[in-house]
There are 2 protein chains.
Amino acid sequence: MSAAVAHEPLTRSVEDYLKAIYQLSPEGRPASTSEIANLLALSPPSVTGMVKRLSEHGLLEHVPYRGVQLTDAGRRAALRMVRRHRLIEAYLVEFLGYSWDTVHEEAERLEHAVSETMIERMAGALGNPSVDPHGDPIPAADGSILERACIALSDVPIGENVEISRVHESQPERLRYIASLGLRPGVQVTVVDRQPFDDLVTIEVGTDKQVIGRELGHALLCARKVKP
Amino acid sequence: MSAAVAHEPLTRSVEDYLKAIYQLSPEGRPASTSEIANLLALSPPSVTGMVKRLSEHGLLEHVPYRGVQLTDAGRRAALRMVRRHRLIEAYLVEFLGYSWDTVHEEAERLEHAVSETMIERMAGALGNPSVDPHGDPIPAADGSILERACIALSDVPIGENVEISRVHESQPERLRYIASLGLRPGVQVTVVDRQPFDDLVTIEVGTDKQVIGRELGHALLCARKVKP
DNA sequence: CCGAGATTTTAGGTTAGCCTAATACTGTAT
DNA sequence: ATACAGTATTAGGCTAACCTAAAATCTCGG
Ligand SMILES: [Mn+2]
Ligand SMILES: [Mn+2]
Ligand SMILES: [Mn+2]
Ligand SMILES: [Mn+2]
């Protein structure tokens, strides 16, 4: 099926495309040209052009006007980049004094420049962590990834107590705001009220109450407590 | 004098050219096209083309058929890259278990990808070192560099005891060989014999005797003892 | 089932960086 | 003084990655 097998090293652009497509469709649903263009801040024609090249290299399949899906080779390469990105973020926070709002930008560049050796040394220094500073799971070196079941804070029923497990946000300003509310992976919150419009939920964090809007409520992914 | 002032970020290629030219002529003597081509493993016409662009950007001055010299802006940019390269090498050895023969390749890529913030964090974690794992001086953040006076091992007179201060070599295989002889920055050696041909010198390292040839003798830079 | 509006692709163009082959220059050796 | 060897530049071409403008296709409401 896949055309080219011998893999010359991928370019920075190619690596970012594959990672973006993976993140747009972790389960394999096709990603559209404009979604990709939007995520990477490129024009749609640029994406069409790159997609054509990538499909010739066997990294994805493209049905014109319908979207793209990663092949196995493409998904492997994408997961490799996700591993790199998240390990770098974790390393920067643990060893170089970064906070979670500044690591993304740095990792976005370093993920392409670091050798396999260095990534594994960093993983070792961290004790092979399973999640990054935003709570996102770090794929193993073999490409396996453990996605824990989670629910958006916006969808948590009234009265339920949940633990924030992931924060899906990369803009520094927003991340600082979230931190200022005391919200980060591992924190317990209880939903005490919900509005019938705009996905507004009121939560209790420790002793504080906060009203959370739609966007933020969808960015905060929570783990439900197991029924005893 | 220099044309363009506003500095868009330099590309990886440009940064490597500037660093190479600096290393070919630290004191400002012109570097030739073919020296640059040779050091960067590029064709001479490629170098001529890049040199033209760089001189238009005010980073160097090119006298056709005569060679190139960095401008102040070019030298600043070059020293910035040298600082990055050497700090990264030092960091990898200190914190990620690298040995001196493997750091160069990694640093050659990372030097372009790391932010100013990260470089200074690494410098801080290292305690602002003044030399890298090969004994080469690390320029300060302001671009100043302290070159200690040194003499090639090939040129040390018979009977003199010197300290190896720098090892000018980047090939891993050769560096491993040098290390296997017990030679590295800080080690004391005594020249016990010299041949009249081929710059051969015999040295004493601890209790061992070694014969050192021309190439190696020029790569090992030594500090002479101050007369008491 | 038909057309408007949104999405996507095609067409055509740019820039950075590289290459080889051909040409021009320089300095030296007869 | 001149030719030759070595070095450098010019000429011409390529690929990756981007762009804008124009054309094609899809979707959905009426
Ligand atoms: Mn990236
Ligand atoms: Mn993250
Ligand atoms: Mn480099
Ligand atoms: Mn070094």
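Letters go in sequence order (proteins before strands), and every chain restarts at 1.
- Applying the side-chain contact (heavy atoms from CB on, under 4.5 Å) rule to A:Thr48 yields the partners A:Thr33; only residues at least two apart in sequence or on another chain are considered.
- The residues A:Glu111 and A:Arg12 are annotated as not salt-bridged, no charged nitrogen and carboxylate oxygen being separated by less than 4.0 angstrom.
- Contact record, B:Gly58 with B:Thr71: O-OG1, 2.7 Å, taken as the closest heavy-atom pair.
- Partners of A:His104 according to the ring pair (Phe, Tyr, Trp, His ring centres under 6.0 Å) rule, which considers only residues two or more places apart in sequence or in another chain, are A:His85.
- Residue pairs meeting the salt bridge (Lys or Arg N to Asp or Glu O under 4.0 Å) criterion with at least one member in residues 116-125 of chain B, sequence neighbours excluded: B:Arg80-B:Glu116, B:Arg83-B:Glu120, B:Arg84-B:Glu116.
- The side-chain contact (heavy atoms from CB on, under 4.5 Å) test applied to B:Gln171 returns B:Glu169, B:Arg174, not counting sequence neighbours.
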Margin query: Is there a side-chain contact (heavy atoms from CB on, under 4.5 Å) between B:Ile164 and B:Leu153? Walk through the geometry before answering.
Written below: CA-CA 8 Å; B:Ile164 295 177; B:Leu153 182 55; 5.6 Å; no
List, one per line, each side-chain donor-acceptor pair under 3.5 Å for residues 140-148 of chain B, sequence neighbours excluded.
from	atom 1	to	atom 2	distance (Å)
B:Asp142	OD1	B:Ser144	N	2.8
B:Asp142	OD1	B:Ser144	OG	2.8
B:Glu147	OE1	B:Arg166	NH1	2.8

Note to self: Using a 4.0 Å heavy-atom cut-off to protein, can you give one letter per nucleotide of nucleotides 3-18 of chain C, 5' to 3': B if the base is in contact, S if only the sugar-phosphate is, - if neither?
What the structure shows: -----BBB-----SBS
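- When DNA chain D is scanned in the 5' to 3' direction for atoms under 4.0 Å from non-hydrogen atoms of chain B, the outermost contacting nucleotides are D:dA8 to D:dT10.
- Residues satisfying the side-chain contact (heavy atoms from CB on, under 4.5 Å) test with A:Ser130, not counting sequence neighbours, are none.
- Annotation: side-chain contact (heavy atoms from CB on, under 4.5 Å) contacts of B:Asp72 (sequence neighbours excluded): B:Arg75, B:Arg76.
- Sorted by residue number, the list of members of residues 22-30 of chain A with any non-hydrogen atom under 4.0 Å from DNA chain C is empty.
- Looking at residues two or more places apart in sequence or on another chain, you find no ring pair (Phe, Tyr, Trp, His ring centres under 6.0 Å) involving B:Tyr17.
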Item checked: Pair A:Asp16-A:Glu108, side-chain contact (heavy atoms from CB on, under 4.5 Å): steps then yes or no -> CA-CA 9 Å; A:Asp16 280 337; A:Glu108 199 54 57; 3.0 Å; yes
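- In the helix from C:dC1-D:dG30 to C:dT30-D:dA1, the terminal helix axes, each the rotation mapping four pairs' C1' atoms onto the next four within five end pairs, subtend 20°, rounded to 10°.
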